[in-house]
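So the structure is just underneath, and the comments pick up after that.
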Amino acid sequence: MPCWAFIRAMERCYNLRVSQRDETSLREFIATESDEGLRLDQQIASRFGSISRSRVQQLIKGGLVLVDSRAAKGSHRLRTGENVQIQFRPRPPLRAEPESIPLDILYEDADVMAVNKPAGMTVHAGAGATRGTLVNALLGRGQALSEGGDALRPGIVHRLDKDTSGIILVAKNDLAHAKLSEAFRRRQVKKIYLALVHGLLKQDRGTIDLAIARDPTRRTRMTARRSIVQGNAREARTDWRVLASIDATSLVEVQLHTGRTHQIRVHFSALHHPVVGDTLYGAAARLRIGKTALPPLPRNFLHAAKVGFTQPRTGEWIDLRAPLPQDLHAFLRQLASAAGESSARIDAALAPYL
């Protein structure tokens, strides 16, 4: 065997042994006097900093944590001299499972489906969200979906935040997925949202053109702050126009020209006009009108109201509309009442969206 072939064979053998060893590893320790009386789960998480307490709980529930060779509960209080063994195993891969969940279908043909997603529904499975997603619901109706993307995201071409309602397009086959993805990339899909934001905007319409990046200190957020945004920021453009002003809030129609994560929420927060209900980006937990505090809105006042796109196979232009959800309409009526305004004026401004 040539020398180079021998070396490669040894590398393959070594890599195989390493991967097999790392798939399942046994760790153990003997409880000392300093461990006396401490909870088992807390002590494991403390000793092995690379594993979260929630993962420790999963291992315990799976019978993979033994104290003196017996399965133990996370609440077990350690005693000096006890032998603790932890069988670390990789998490099972996430799978998108079918679920029987009703969906509001706005449009459907052989290639594309448009769903009116409710607020509170996650689009696809991920860490901490494996059930109740839009993908679970699509699979539950026996829906054929494109398979060209992530296995956890069959059919998903674009996304809406969990607490944003409205239209989301779904690709039924790989051709539709490729063409819709390209249309989004080329900004050929028209996306119109409704948002209620804090404060009165100075103009009737405007454009927000601020690059967006992941917030380096709060990883669940994005940011458009110029002092933070670095070279990994992506351009983002949001056009808006005011439909109505209600006390110290503005009801706006928003058109996205890019599709960055949290784009509308980040852009209006950067203007110091956060979306009502969006406490992550600076909105108050409760909207106050004078001395009246309205009931908390348990979601963001953000709705994907209109989408226009070219049918991937025929080239026909299709315009779709998702009416403003009842909970948001009711909130506007409460707001108008508290401000002493006529709800008829608000409904007139919303006429194309009701």
Side-chain angles (χ1 to χ4, degrees), residues 7 9-97 99 120 122-133 136 150-152 161-163 213-223 225 227-228 230 232 261-262 278-286 296 298:
I7 292 173
M10 291 300 292
E11 287 176 342
R12 286 195 297 271
C13 182
Y14 172 78
N15 290 335
L16 178 61
R17 289 200 305 270
V18 169
S19 63
Q20 287 174 337
R21 182 193 66 199
D22 287 347
E23 279 184 11
T24 302
S25 60
L26 178 67
R27 306 288 182 87
E28 60 183 315
F29 65 90
I30 304 296
T32 65
E33 289 184 6
S34 62
D35 298 320
E36 183 79 32
L38 298 178
R39 283 178 59 108
L40 173 65
D41 53 1
Q42 293 176 344
Q43 206 47 14
I44 293 173
S46 175
R47 282 176 175 264
F48 305 102
S50 61
I51 184 169
S52 68
R53 188 173 172 186
S54 62
R55 182 60 180 145
V56 171
Q57 293 285 5
Q58 290 175 348
L59 294 173
I60 290 171
K61 289 179 181 178
L64 299 175
V65 176
L66 306 180
V67 176
D68 287 343
S69 302
R70 292 183 179 182
K73 295 182 178 180
S75 58
H76 171 77
R77 299 289 177 174
L78 290 169
R79 293 191 291 272
T80 302
E82 287 181 324
N83 178 252
V84 180
Q85 293 182 320
I86 310 103
Q87 193 81 32
F88 286 97
R89 292 183 181 174
R91 295 175 186 264
L94 291 175
R95 294 176 57 193
E97 301 287 350
E99 288 186 80
T122 303
V123 172
H124 58 77
T130 59
R131 308 289 290 178
T133 72
N136 293 131
D150 191 313
L152 284 175
D161 296 340
K162 178 180 179 180
D163 287 330
R214 179 73 59 184
D215 190 316
T217 58
R218 298 181 62 184
R219 302 300 294 173
T220 58
R221 289 168 43 112
M222 308 298 286
T223 182
R225 289 175 57 188
S227 61
I228 294 177
Q230 303 296 327
N232 61 343
T261 301
H262 299 177
D278 190 7
T279 55
L280 182 65
Y281 286 101
R286 299 181 69 174

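No experiment lies behind these values; they were computed from the predicted model shown.
Residues passing the side chain to side chain contact (heavy atoms under 4.5 Å, CB included) test with Arg77, sequence neighbours excluded: Arg39. Under the rule for a side chain to side chain contact (heavy atoms under 4.5 Å, CB included), the partners of Leu64 that lie at least two apart in sequence or sit in another chain are Leu59, Gln87, Arg89. Every residue meeting the side chain to side chain donor-acceptor pair (under 3.5 Å) condition with Gln57, not counting sequence neighbours, appears here in chain and number order: Asp41. Take Asn83 and apply the side chain to side chain donor-acceptor pair (under 3.5 Å) test, not counting sequence neighbours, and it matches Glu28. Residues meeting the side chain to side chain contact (heavy atoms under 4.5 Å, CB included) test with Arg70, sequence neighbours left out: none.
Interatomic distance, Thr220 OG1 to Arg214 CZ, rounded to the nearest 0.5 Å: 8.0 Å. With values rounded to the nearest 0.5 angstrom, Leu280 atom CG is found 7.0 Å from His262 atom NE2. Here CG of Leu38 is found 13.0 Å from CZ of Arg79. Values are rounded to the nearest 0.5 Å. Distance CG/Leu40 to CD1/Ile86: 7.5 Å, rounded to 0.5 Å. Distance check: Thr133 OG1 to Glu97 CD gives 10.5 Å after rounding to the nearest 0.5 Å.
In this structure a side-chain-to-backbone donor-acceptor pair under 3.5 Å is present from Asp215 to Thr217. For Arg27 (side chain) and Phe88 (main-chain N/O), no donor-acceptor pair under 3.5 Å exists by modelled atom type. Of the possible donor and acceptor atoms, none in the side chain of Tyr281 sits under 3.5 Å from a partner among the backbone N and O of Arg221.
When every heavy atom of Ala72 is checked against every heavy atom of Val67, the shortest pair comes out as CB-CG2, 3.6 Å.
In this structure, Arg286 places its CZ atom where more than 12 heavy-atom neighbours from other residues, nucleotides or ligands lie under 6.0 Å away.
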Please tabulate, for side-chain N and O atoms in residues 29-36, each donor-acceptor pair with protein atoms closer than 3.5 Å (sequence neighbours left out).
| unit_1 | atom_1 | unit_2 | atom_2 | d |
| --- | --- | --- | --- | --- |
| Thr32 | OG1 | Ser34 | N | 3.4 |
| Thr32 | OG1 | Ser34 | OG | 2.8 |
| Thr32 | OG1 | Asp35 | OD2 | 3.3 |
| Asp35 | OD1 | Gln43 | NE2 | 2.6 |
| Asp35 | OD2 | Thr32 | N | 2.9 |
| Asp35 | OD2 | Arg47 | NH2 | 2.9 |
| Glu36 | OE1 | Thr80 | N | 2.8 |
| Glu36 | OE1 | Thr80 | OG1 | 2.6 |

